[in-house]
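No experiment lies behind these values; they were computed from the predicted model shown. In this chain, residues are counted from 1 in sequence order. Order of listing sets the numbers, starting from 1, for every ligand and every atom in it.
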Amino acid sequence: MREATDEGIALSTYGLSSGLCVDPIEKKPLFHFYPGSDVLSFGTAGCNLGCRFCQNWHISNAKRADRLVGEADPQAIASAAQRKNCRSVAFTYNDPVIFAEYAIDTALECRRRDLRSVAVTAGYIEPAARSDLFSVIDAANVDLKAFTERFYRRLCRGHLDPVLDTLSYLVHETPVWVEITTLLIPGENDSEDEVRALSAWIRDELSPDIPLHFSAYRPAFELKNPATPAATVKRARRIARKEGLRFVYTGNIPDRDGQRTLCASCGEAVIERRGYRVEKLAIESGECRRCGAEVPGRFLERTTSTNMS
Ligand code: SF4
């Protein structure tokens with residue numbers, strides 16, 4: 001949110017947070033970025049999209065005064081992350097695109113302290129503004145909300161192409177680690193054809209190594225469609241894997257298979273998860289412990305135990 005000042009237009013939410021919370025990085029979701037680590041999450045208020053199914057609608061639709069509960073300058077946020085032994089700070093809840101100045105300063109402060117920065121974003125940003133934000137970001141989970149312009153226009157008050165452009169930019173022109181989330185909404189974006197087309201686009205235009213998370217929708221805000229059946233989410237995962245994506249996950253449903261990371265070379269379960277908790281990590285310096293194949297992502301140089309339970 002911006003307001004006019006004597007110096008020009010200023011970000012009115014700078015230094016104000018709608019809440020700070022320590023989460024497992026798996027909750028963002030990021031499954032290939034320092035698995036098992038904690039992340040300090042924060043956001044502000046407002047959004048540049050208007051999703052009718054927004055799970056955080058009370059934040060994304062809020063005006064500045066009614067939701068920003070705490071003062072938190074970039075130094076205070078980075079310092080809190082250090083105190084809480086977090087590996088990273090996440091800009092989330094609403095979208096860092098609309099509080100970029102605040103996110104950038106916080107990311108720079110994190111860098112000075114050897115902390116990583118994560119953007120959880122819809123990727124709806126003008127090309128000219130991308131590099132300012134993403135040059136200081138280490139990982140992003142980007143919502144690819146659907147694969148039709150109709151969905152974006154009707155349910156998000158936005159457009160599909162800018163999101164596809166942002167994804168291509170991130171994957172091909174930056175070192176940012178990227179994972180994608182698609183919330184499946186019955187009757188809106190869950191057809192076999194659409195899931196197949198979305199998966200094929202990721203494979204051909206990005207990489208088959210980009211992790212894709214299908215998650216189940218629950219009715220929220222203005223949209224009243226029924227909740228997504230678990231079978232729909234599992235079916236989407238099967239389709240995406242058949243299209244050649246190597247790391248496809250399910251979310252918001254109980255599904256051990258859909259939470260597991262398999263080595264693309266030997267099939268070993270290199271990461272086992274239960275909910276947001278990592279129970280087994282068999283990756284050493286970014287390689288499968290069994291066969292030595294590289295596992296795409298960002299991992300600690302050395303891990304000391306295979307069993308994290
Ligand atoms: S982009 Fe995210 S935060 Fe913004 S309205 Fe849509 S779902 Fe809500």
Side-chain angles (χ1 to χ4, degrees), residues 1-2 11-13 16-21 23 27-30 39 41-64 66-69 89-103 106 117-126 129-130 133-134 137 139-167 169-170 178-190 198 212-225 227-228 233 251-252:
M1 285 174 195
R2 282 166 171 74
L11 178 66
S12 62
T13 56
L16 296 168
S17 154
S18 56
L20 290 169
C21 188
D23 292 319
K27 196 173 176 182
K28 297 302 92 189
L30 285 172
V39 55
S41 300
F42 85 100
T44 62
C47 194
N48 60 337
L49 285 177
C51 304
R52 293 184 55 209
F53 49 87
C54 181
Q55 312 273 321
N56 292 331
W57 61 271
H58 51 291
I59 292 173
S60 62
N61 282 269
K63 301 289 179 233
R64 173 176 180 262
D66 51 2
R67 278 292 158 187
L68 294 172
V69 294
V89 168
F91 313 118
T92 179
Y93 302 136
N94 53 340
D95 198 306
V97 163
I98 65 146
F99 59 92
E101 298 95 316
Y102 186 17
T106 305
S117 294
V118 168
V120 181
T121 175
Y124 203 64
I125 181 170
E126 289 285 338
R130 282 179 197 145
L133 175 60
F134 289 111
I137 295 293
N141 186 298
V142 181
D143 275 350
L144 181 50
K145 294 174 186 291
F147 205 60
T148 63
E149 170 63 13
R150 183 172 180 272
F151 181 103
Y152 268 88
R153 211 176 46 241
R154 202 168 59 84
L155 296 181
C156 307
R157 301 188 185 101
H159 301 281
L160 170 63
D161 281 349
V163 182
L164 301 182
D165 287 349
T166 300
L167 280 165
Y169 164 79
L170 286 173
V178 174
E179 302 191 19
I180 295 173
T181 295
T182 299
L183 182 76
L184 292 170
I185 304 178
E188 306 290 355
N189 64 355
D190 65 338
L198 179 148
L212 172 61
H213 303 258
F214 287 113
S215 80
Y217 148 95
R218 297 193 189 102
F221 194 34
E222 295 174 349
L223 203 66
K224 305 299 178 206
N225 295 35
T228 315
V233 186
N252 288 347

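When hydrogens are left out, the protein atom nearest atom 2 (Fe) of ligand 1 is Lys145 NZ, 3.9 Å; that is the closest non-hydrogen contact. In this structure, the protein non-hydrogen atom closest to atom 8 (Fe) of ligand 1 is Cys54 SG, 2.3 Å. Among all protein heavy atoms, the one lying closest to atom 1 (S) of ligand 1 is Cys47 SG, 3.6 Å. The protein heavy-atom contact nearest to atom 5 (S) of ligand 1 is Cys51 N, 3.4 Å.
A donor atom on one side chain and an acceptor atom on the other are found under 3.5 Å apart for Thr44 and Asn94.
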Asp143 and Thr181: CA distance, side-chain angles, deciding distance, side chain to side chain donor-acceptor pair (under 3.5 Å) verdict: CA-CA 5 Å; Asp143 275 350; Thr181 295; 4.5 Å; no
Step-by-step side-chain contact (heavy atoms from CB on, under 4.5 Å) determination, Ser60 to Tyr93: CA-CA 8 Å; Ser60 62; Tyr93 302 136; over 6 Å; no
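Using a 30° and 60° split on the angle between ring planes, Phe91 and Phe99 fall in the perpendicular class, above 60°.
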